[in-house]
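Throughout, a chain's letter reflects where its sequence line sits, starting with A, and its residues are numbered from 1.
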There are 4 protein chains.
Amino acid sequence: MSFTQSHLKVGELATGHELNVPIFKFTGTDANAPTVYIQANVHGAEVQGNAVIYQLMQLLEQSTILGDIVLVPLANPLGINQKSGEFTLGRFDPITGVNWNREYFNHQVDVQDWYVEHQHLDDAALISAYRSHLVAACQQRLDNPWGITSGHLLAVSLQKMAHEADVVLDLHTGPKSCKHLYCPTYAHDRAKLFSIPYTLMIPNEFGGAMDESIFCPWWQLSEFLRTQDRELPVAVDAFTLELGSQEHIDLHDAKNDALGIMAYFSAKGVIEEHVAPAQMQRFGCYLQDYKKYHAPLGGMVEYKAPLGELLVGGEPLANILRLDKYGTDQVLTSLSLPDDCVPILHFASASVYQGTELYKVMTNLFEL
Amino acid sequence: MSFTQSHLKVGELATGHELNVPIFKFTGTDANAPTVYIQANVHGAEVQGNAVIYQLMQLLEQSTILGDIVLVPLANPLGINQKSGEFTLGRFDPITGVNWNREYFNHQVDVQDWYVEHQHLDDAALISAYRSHLVAACQQRLDNPWGITSGHLLAVSLQKMAHEADVVLDLHTGPKSCKHLYCPTYAHDRAKLFSIPYTLMIPNEFGGAMDESIFCPWWQLSEFLRTQDRELPVAVDAFTLELGSQEHIDLHDAKNDALGIMAYFSAKGVIEEHVAPAQMQRFGCYLQDYKKYHAPLGGMVEYKAPLGELLVGGEPLANILRLDKYGTDQVLTSLSLPDDCVPILHFASASVYQGTELYKVMTNLFEL
Amino acid sequence: MSFTQSHLKVGELATGHELNVPIFKFTGTDANAPTVYIQANVHGAEVQGNAVIYQLMQLLEQSTILGDIVLVPLANPLGINQKSGEFTLGRFDPITGVNWNREYFNHQVDVQDWYVEHQHLDDAALISAYRSHLVAACQQRLDNPWGITSGHLLAVSLQKMAHEADVVLDLHTGPKSCKHLYCPTYAHDRAKLFSIPYTLMIPNEFGGAMDESIFCPWWQLSEFLRTQDRELPVAVDAFTLELGSQEHIDLHDAKNDALGIMAYFSAKGVIEEHVAPAQMQRFGCYLQDYKKYHAPLGGMVEYKAPLGELLVGGEPLANILRLDKYGTDQVLTSLSLPDDCVPILHFASASVYQGTELYKVMTNLFEL
Amino acid sequence: MSFTQSHLKVGELATGHELNVPIFKFTGTDANAPTVYIQANVHGAEVQGNAVIYQLMQLLEQSTILGDIVLVPLANPLGINQKSGEFTLGRFDPITGVNWNREYFNHQVDVQDWYVEHQHLDDAALISAYRSHLVAACQQRLDNPWGITSGHLLAVSLQKMAHEADVVLDLHTGPKSCKHLYCPTYAHDRAKLFSIPYTLMIPNEFGGAMDESIFCPWWQLSEFLRTQDRELPVAVDAFTLELGSQEHIDLHDAKNDALGIMAYFSAKGVIEEHVAPAQMQRFGCYLQDYKKYHAPLGGMVEYKAPLGELLVGGEPLANILRLDKYGTDQVLTSLSLPDDCVPILHFASASVYQGTELYKVMTNLFEL
């Protein structure tokens, strides 16, 4: 199968240069097959998603594609190109500090009101009308006569494209991280398709991220319809895939994640070929059991707990080295957690302020 | 009157150095007089509040002080000391991007529940019990066994002190700005005491700022008690004073603002002396009429509209210069707004991305 | 007269986007008239030069142009577009810290050697051959098989263009600054043509800046030829114009500076029209008498000495406010200098570390 | 043996907080034994030297110390505490961009002149007088009535201490790096004592770094004396140890490097115990054969060549991934070098601008 390339303007720099993102589209052969939107690198340092898109496109070129697939690598040119020292300062808008992945539009649809005018529609028409509503709301946001922030301009431009699809994959990474997946609880059975060992099960709450901006309005619709005694499964799938550590490109490993996405495509009917999911143990954890541990003191950090492995309660998580305290028992502080957990990610730097988010760990895991 | 000095630890750096803030306390002679908490420079570049505290302390040393007054200049040492290039990058946590003035604790008191156990108390005792509850909740937040972020550690440490006072003043500035005041609507008559020409009337909504973290729980209590047919005026005053532009110290002008604060103290009975408010026109504007205008294109900016003066609809707000378009009619774009307004502040830099917040303007002003 | 527009690629970002700069060229009618190269905004926050180029091009369109004039506004797209907080972090490469105006190529021509092969040439041919040598050396630098740094790539690409001209003007600004000119001592009489009151007379020493990269090799040639009893005036003029403060665009004031450049053009025969220099007092100062004063302590700064005016020895330069010292005589430190001077520029921010370059002042001034 | 602790003030922040560094001193038992100065973490992200000092102090506490040993971990508090995003922006002064390790004082002693007055001294007295001269020159620099920059204030304060010692070790790391040593050619035989496989042999040229600031004046003296037919070996040893990658603490590995330093101490007679150097192959390379390879294009980088291993000419160094070019042969560019080399370090981030320093490689290696 072949593809077409275009680009979308998402902003303008002080010099007048356009910020634009490349868009690749594979057109499917079956108008009824689910359509897909995939983006990568919204956080500037989280580059591995581009490598996964590279491998995925190579696989797709060899496949029979049923549903349209839109791929948007390098989705945040301002964030990707913003260095500060040797690293990419791409997590937030350098002017405002706002996290690029908290800028998506919160529809807050008045579903009850909307449904009054659309209840006569059959499911397919209802879905189509609702989708049109979401796309139009994004466009209206973009057209605000007072303008919108640079971050909203980027995010809502991407979101508008994503609303057109039935499946949305947002490719991220952690700082230093093992692979994990953000999955809405209604889609828990799809978590076993990707090549990702740890899954966070998240509720229907909008916090500003792409995946939430996509599934929340649909989930809300389904929940409302249930109160009207009408069953409509959530019409979209939206996931955030955390593909390891930032500031790292590994083409070989990217192939594994591309194959995991192909397995998902296969199960959903996006491609014709059968691709089996990887054989691996997979664990889930509810969002409320995903804990952040903050540095109780400032200092130099030796990270001890391996990522993606069980850490028994009381075993060493990290050491904080404080040379200014040499000669006292505070020169080296061994940190641990009281209960069993799986450390999923840790802070990127080897020195911390008091309060720096040091580790995020899953507790109360269950096998998927 | 004289004062005592102490300091509070609010964090720890990677080298182990303590982050601490200086605290000055004037002890009042009347235990029934209102007590005051004033802080400055929570945003690192907004330094003028320190000059105002300097002038205010000089005035207080010559005054008869009835209620305790706690003054905390240089309140955010990490933000103040964080340069990036020649300017102070002090608006947000350099690691997380979170605005230092959005980190205060949202109490979300279940007032109904709380009142069940406290309804037998008279007003004074009720106020005292509620205050204790707020202080204890801050302490509990600080004691979280998983730790808290550097930003919360700073903010909640300051907030806990502020909850002890009846009056809280948070001294800020805009980027390039005229003086203006954030005032909760219930306190609108106090807006005429300060030496500040423009006042934003804000509702009972928590957005993360210090002033809101202080007054919201009390406002909520008053509103709840009204449903119980018990009248209790909001027991605290909390304001954010925006004292002009950031990156600017002017001791002479600071004296004017110190005198405005003295006029407020005088009216509230914090000091014994009579200090009359400055004679000046003062205007108000409801928060929903305070508008942000974002740059519709990237480029170099010539700011045209003076701050703190009426701008008639259609008159030039700013020019955007685009040398890359020389020879076309896009080389110079004159921006204007359709309706009358008073520009209150504009962006600090002379070049913008598309979407940069260019101006904030008050519309639908009314005289106070 | 009309102009042509093109652009030059000077780099490539992580997303693959090209860094390119716009180039405008007015072609002169007299092949023997001096040719000109003007660039602006190599430091990202120093934007006013673009406004001057805008006004200058408007004047040139009404003029009879004899010598070719190349204008390069927005010359450093990476620096211009690099924000950090609300300001432009455009003084140095964000990765390496190297000042963008210290990256030009130091030819270090072995003039003696070069002259052996070219001594038979007449002056015009000698100049032409030397120019070719300089241009070729830049190209060779750009073609280094190990690559060159991003900063060199930009600087040497611009320098190569500039070597083709007889006159090079590099438009900068100070942080907070009055207008001043960097002028090589051999060109001292041309300093009276621009609309600039203060001139630094600089020697034949390469420190990495554009102007030096242009005039040093020619000055060196002239000095060598003098030892060979051959008189050849320095064949190029190169100046750095400091057009006031950074982060500021003022189109009206830009017109004044454009007219000053027109007066210079007129005197040099670049344009046919007669344009008289502005009537104003102008002062000079040798570079060794241009002094940097560093903050003797950290603190908040109230800048007291106006820029561009005589400051009598002992008069206040600035106050350092130290609220942590309130109650001691160290709360306010008044800084002054022992001898008379003219403060030319001061630091951009209102708070400093110990050692921050606070003011630059001219001493031992003389009237031009 | 036990030690004493003190600290040195090296600056002051905008809030007034002191910048100070901890100093640990072990006092030796033999006044004639060589004395040592060791510092770590002058570049803020290069933290592993602190871990090495930690292990070294633990070893020294068990040893018989002959010569005084001064240890200065956490030597640059401003650099260490300066985060920008999740990483430490500690390579250069955030205001000026100047590399913290290019700020040391260049003595440029007029040795000929100095020697006229000191030639009558015997070797020991001559060394003592020269040392006093160096220390006094640093003090004079610090006492400049116009002040000195924050960077000089730090660097020269440290340098002044270091001049008092016979041996100076400056503990750094690369970005992503294998271990290597900067060694002045006259000290080549000492390169075999440390636990470091690769050594750069550097000439007598001052580039601003600590090691050079220490050995250059002494080397210059020795070279001058040779012209006077007086043999005086260079009286000091000064090395920069590059202890792996930045943003990484590994206490176990730090022990190896501490033992390497102990082997050096043993050989020099700083400690009484015999400590044998580690058995390992060690290679040298002259500085002119240490090559920087710059990214020939912008893009995402997959680093392929392992550090510290021979890379045969033509073998892949790195891949540059350019998703914007998908569908062309420019989507993936494999970079290689024509000749054999050992890659020593590579850039820290996985995305680059055109011109970013991608790899540094040793060529023409020889076994030590």
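- How far NE2 of C/H294 is from CH2 of D/W146: 10.5 Å, rounded to the nearest 0.5 Å.
- Scanning residues 321-352 of chain C against chain D with a 4.5 Å non-hydrogen threshold yields C/R322, C/D324, C/L337, C/F347, C/S351, C/V352, sorted by number.
- Residues of residues 356-363 of chain C that come closer than 4.5 Å to chain D, counting heavy atoms only, are C/T356, C/V361, ordered by residue number.
- Counting non-hydrogen atoms of neighbouring residues, nucleotides and ligands closer than 6.0 angstrom, the NZ atom of C/K292 reaches no more than 12 such neighbours.
- Residue C/T149 holds its OG1 atom at 11.0 Å from CD of D/Q354, rounded to the nearest 0.5 Å.
- More than 12 heavy-atom neighbours from other residues, nucleotides or ligands sit within 6.0 angstrom of CZ on D/F206.
- Proximity to chain D involves both the backbone and the side chain of C/L297, based on heavy atoms less than 4.5 angstrom apart.
- Ranking D/G298, D/G299, D/A14, D/P94 against chain C, the residue ahead of the rest is D/A14, based on heavy-atom pairs under 4.5 Å.
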Decide side chain to side chain contact (heavy atoms under 4.5 Å, CB included) for D/Y353 and C/L19; before the verdict, give the C-alpha distance in whole Å, the side-chain angles of both, and the deciding distance to 0.1 Å.
CA-CA 10 Å; D/Y353 303 150; C/L19 289 168; over 6 Å; no
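- Only the backbone of D/T96 comes within less than 4.5 Å of a heavy atom in chain C; its side chain stays farther off.
- Residue D/I148 touches chain C through its backbone alone, counting heavy-atom pairs closer than 4.5 Å.
- Applying the 6.0 Å contact sphere to CD of D/Q140 captures no more than 12 heavy atoms from other residues, nucleotides or ligands.
- Of the listed residues (C/G151, C/G147, C/P296), the one with the most heavy-atom contacts under 4.5 Å to chain D is C/G147.
- Rounded to the nearest 0.5 angstrom, D/E12 CD and C/I320 CD1 are separated by 9.5 Å.
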